[in-house]
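Here the structure comes first, spelled out in structure tokens, and everything after it is commentary.
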Amino acid sequence: MTYVTPTAYSKIVTFPVALAQTELRRGKALQIATFSVAVGQRLQMKSLHLQVYRVLNPGLLPDLLNSIGAVSVGLYQASMLTGALALISRNASGVSSYNPFKSCEIYSPGEYKIIVSNNTRNIDYSVIVTGAVKLFI
Amino acid sequence: MNLESALVIRLRENIRWESALEVSSTGTLQPVNPNAPLNVLHYQQRDRELAFRDLINAAAVVEASVHVSDVWHYKPEAPRMEGATGKQLPHAPAEMGLANSQVRHVKYTSVPADAYSKTDRDLYGRDVLVYDVLARACQLVFQDTSPLVAVSSTGSVPGTQVWSLAEGQAVRADINTALPLDRELFKKPDMNLADRDNQMAGYVSRLVQVIKNPFAYAERLYVSVTGGNDREPEVYVLISESDEERVWSGDPAIEGRNRFVYRPQTNMLEWLPQSADTVHVPQIMALVIPGVLPGQNLNTLAVVPAAKDAQFWRLKAGQLTPAGQNYIDVATLKFTSTDEVVGGITQVVAASLTVPDTLTIRLPISAPLPNGAYRISVLTNPCSTVEIIGAQNISGADGDDGGAEYFVDVASGAILPLSYVVYDGDGVTYNGQAYAPGEAFFGVTGITTYTAINGSKVRQFGVTWNMALAPGSWTFTVDYTNVGEPTTGFGVQASYAENGKSEISLIQDTVALPFRDALGTPLPNGTIVTSPPVNIEVTLPSAFSLPIYWTFGNGQLSIKRLRFTRSDLTETHYVLNGTLPGAATGAAADVRGTANQPDVIVFDYGTVATTTPPVYMTLTLTEELGLPLQVKQVQLQSVGTTAPTPLTENMQGWRQECLERGVRAVQQSYHQMVLLSNGSVPTLNSAGTWDNSASEDYMSLLEVAHPRLRIIEQVGTNTITDGRQYTVRSGIATYAGVNYTTGQYFYGIDTGGTAYSGVAIVDQVGAFKKAAPGHIGRPGIMPLGLKLSDDGVVRVDSAGSLYPVLVTMQAWMIDAGLYSAAPEFWQPDILETSIT
């Protein structure tokens, strides 16, 4: 659309993605958001941030369960953690952000989930996730 | 020739119609018979026709001016006209006098005939001169798209830079029978005509200056690079102008680069390429100038910029490299139900792991893998059904379409170590033993003959399959058909025996498996019939044998498919390990899969030593026992970190911008295709479902109006299509009589035919490539109405459209054979926190 008219604006719904500081135990995954896309709608994600706030049991080398980093958050259509449509991950404390210049576009109807996971067998993390998803109705 | 001296003529805004009269299409003026009595009206008509020719010249100036504006986005001066005329000046050489712009006006000593034999002819020549100067300039520069055609190619209208004013004066006068017959009667109208010619000469001289040197005026340039580091024609827009220089900038508009600079005072043209480490030596202004590399040319095209396709935007996207991790496709195994995969259970659609087991997968790599980091992505599908072809048995039975055909009427001398049964006659003697009709025996290696009594025959009795399933409740069905004489059914016994356990009957031959219609008529051969489902309770996760015996019935039994289905599980936890030669350690995957939902598993290898082919990857399933896991495609990618294009801060959105422009070009092509098909777009899918074949048909449909759409690797030697672009990946290919070497491009042309020759690998060029497992999360293109239904079948929504949209690739889209955007459009998922 060329202009953001009141009519056009009313058809854009922005959903926040927010996970306050949470202890994510080894091998655990948390589904923190679900979006339903119906026929004719479009889901767009450009903003997702993962902060590994603290390593709760430092001094260990991560024993990884998967090849998607020690801690990851992603947008998923299916159930395997390795099959993310958009994925950001970290191996240590700090913040990683999804590339806002790369738009994740979804037109197919279905259920889409934001899942944050601890992909190690031996380390616990404290994590924070923020972001936003737009649904064009 | 350019009539430079006419530049000083002060122009009026419009050219008046006055008393102009349309001239003949042959260019011939009203004839005058000097031997007949004087008729001044004839002379008047000639002058009026000459005035009309001035209007044609004005129309030519307007036409050329519009074309210059279209091409270079610069609006030259053009006269306003009071009416419409044609733009092509008719020319009758016999009417032309001097063609050097002077006019021999009538004198006091002239006779009326001098007006038409000298003055009118000179005025006629001036019209032609003005027109031809403009037309030849247009033809020289615009060539095939020239809006004007010169009336003389060479010779008859010589060039000149000198324009005579010829006593031109804006005098509104006509030859009138009421006026005295004197010099002024003829000369004043001729002076007025000379003045009109002067005006046209002034306009033409200015317009020719623009055409000769567009760099001094153009607001837009359309430039291509050839002869090395080729770049397709692209638009450069004027961004600054001063007395010292004029600067045009192209996309991406990087500061100080991707620019053309023209310096009017020195008449020099300089290119500032995108790469900061190459310098272009300024050249004297011309439409074609040398570039940076030897043999390279920069071509300023005098055409209206063409609409760009997705392939153009792919090339543009690739001009900027973002910082971050990148993945390069190395090899993809697209079909795993082949000899390239060993182990597990090979199903009809893919290799699979039904129980903890190992697949050994040969990757299609012909060159050594350099050391580095790699990723293997595997497209999987946790399936609730295991379906194998009949020919996948351990008894050596095979047949058409993967069926297991039971041998009939086996000749003596052809007995193999298989089970056989005797029928007809009075029995046979084999290996010293007698067998009556209906009795079975097992062939002994090396003993191939038997003796038939009274016409007895031997046919194959049993075929055995090996299978392994996870413990649980399964249902078992068989697809079968007849490939022999007509029959109404087959007596079949089937059983299975798990290791160390007694045989359990699955199918009894109390009643024949039917092969007839509702009226009892035998079905036509090849008709597939599915047996009623029977239950199997599997208790051990190990291989078991499953023999199927054909006990009675005419015809020839062919088992097409064996199918095992479980419905008690909707998801399973999988723990896998993947190894790659040269990698220090394997890579693990711990995932949960959902039934009939394609998904992707990735294995990263940080350090892989140089590996020479053949390269085998192993995939081992260690846990758990549940839904079988189909392994449908395997892709190897190299992993690296790219250095960003220098000094491109604030350009991070470039690739996404190019991607969206490319998809818009495809969408416009879709509309064109719909128009071309008169709104009746063909149906691509049967019964609303969608598969790989439908995806290929869809791309073919889009290619109707967008030839450079998809990349097809290694096209066949007889598949060149008119309008599509190809590149030689290796070797030398000859097409339409021209040799193309590695890295060169060519277009298919109608006259060139469909075949190329030579030892070469030729790829079709496009902006989208067949999606592979490693493309999950990458941009791609899809029909708007496509969706994955709850039953795992891909369908077009009932109200769905085939309109192409930009999507993020999901696993089921990869499985359905859709296309993802070329790697030049890819961006890293994670924003780098520092940009160099």
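Reminder, nothing fancy here: chain letters follow the sequence lines and each chain counts from 1. Note that the coordinates shown come from a computational prediction; the quantities given were computed from them, not determined experimentally.
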Report task. With a 4.5 Å cut-off on heavy-atom pairs, point out which of Ser89(A), Ser67(A), Gly83(A), Ala29(A) contacts chain B the most. Result -> Ser67(A)
Query - Any donor-acceptor pair under 3.5 Å from Asn99(A) side chain to Pro828(B) backbone - result: yes
Report task. Examine whether an atom of Leu48(A) lies under 4.5 Å from a heavy atom of chain B, and if so say whether it belongs to the side chain, the backbone or both; otherwise answer neither. Result -> neither
Report summary line: One option among Val600(B), Val805(B), Leu659(B), Asp599(B) has the most heavy-atom pairs under 4.5 Å with chain A, and it is Asp599(B)
Report task. Walk me through it: do Gln77(A) and Gln597(B) pass the test side-chain contact (heavy atoms from CB on, under 4.5 Å)? Result -> CA-CA 10 Å; Gln77(A) 177 265 332; Gln597(B) 188 163 75; 3.5 Å; yes
Report summary line: Greatest number of non-hydrogen atom pairs under 4.5 angstrom with chain B, of Ser103(A), Gly40(A), Ser96(A), Gly27(A), falls to Ser103(A)
Query raised in the report: Is atom CG of Asp790(B) surrounded by more than 12 heavy atoms (other residues, nucleotides or ligands) closer than 6.0 Å?
Result: no
Requested in this report: Could you list which of residues 807-815 of chain B have a heavy atom closer than 4.5 Å to any heavy atom of chain A, in residue-number order?
Outcome: Val807(B), Thr808(B), Met809(B), Gln810(B), Trp812(B), Met813(B)
Query raised in the report: When Thr82(A) is tested against each of Val591(B), Asp604(B), Val378(B) for side chain to side chain contact (heavy atoms under 4.5 Å, CB included), which residue passes?
Result: Val591(B)
Query raised in the report: Is there a side-chain contact between Tyr98(A) and Ile830(B) (heavy atoms, below 4.5 Å)?
Result: no
Query raised in the report: Among Tyr76(A), Tyr107(A), Phe101(A), who wins on heavy-atom pairs under 4.5 Å with chain B?
Result: Phe101(A)
Query raised in the report: How about Ile137(A): does its CD1 atom have over 12 heavy atoms from other parts shown lying under 6.0 Å from it?
Result: yes
Query raised in the report: Tyr670(B): what forms a ring pair (Phe, Tyr, Trp, His ring centres under 6.0 Å) with it, not counting sequence neighbours?
Result: Tyr803(B)
Query - Main-chain N/O of Ala86(A) paired with Asp829(B) side-chain donor or acceptor, under 3.5 Å - result: no
**Report entry** Ser384(B): partners by side chain to side chain donor-acceptor pair (under 3.5 Å), with sequence neighbours left out
**Finding:** Asn596(B)
Query raised in the report: Counting N and O atoms only, with roles assigned by atom type, does the side chain of Asn66(A) sit under 3.5 Å from a partner on the main chain of Asp590(B), one being a donor and the other an acceptor?
Result: yes
Report task. State, with a plain yes or no, whether a side-chain heavy atom of Leu81(A) is found less than 4.5 Å away from one of Arg592(B). Result -> no
Query raised in the report: Counting heavy atoms not belonging to Lys113(A), are there more than 12 under 6.0 Å from its NZ?
Result: yes
Query raised in the report: Most heavy-atom pairs under 4.5 angstrom with chain A, which of Gly593(B), Pro322(B), Pro773(B)?
Result: Gly593(B)
Query raised in the report: chain A heavy atoms under 4.5 Å from Pro382(B): which part of the residue, side chain, backbone, both or neither?
Result: side chain
Query raised in the report: Is any side-chain heavy atom of Val602(B) closer than 4.5 Å to a side-chain heavy atom of Ile68(A)?
Result: yes
Query raised in the report: Is the shortest heavy-atom distance from the side chain of Arg778(B) to the side chain of Lys102(A) under 4.5 Å?
Result: yes
Query raised in the report: If you look at every heavy atom in Ala78(A) and Pro598(B), which pair is closest and at what distance?
Result: CB-O, 3.9 Å
Query raised in the report: Is chain A contacted by the side chain of Arg655(B), its backbone, both, or neither, given a heavy-atom distance below 4.5 Å?
Result: neither
Query raised in the report: Are Ser108(A) and Met782(B) side-chain neighbours, meaning at least one heavy-atom pair lies under 4.5 Å?
Result: yes
Query - Residue list, side chain to side chain donor-acceptor pair (under 3.5 Å) with Thr594(B), at least two apart or on another chain - result: Ser79(A)
Query - Ser377(B) versus chain A, the contacting section by heavy-atom distance below 4.5 Å - result: neither
Query raised in the report: Would one find more than 12 heavy atoms of other residues, nucleotides or ligands at under 6.0 Å from atom CZ of Phe15(A)?
Result: yes
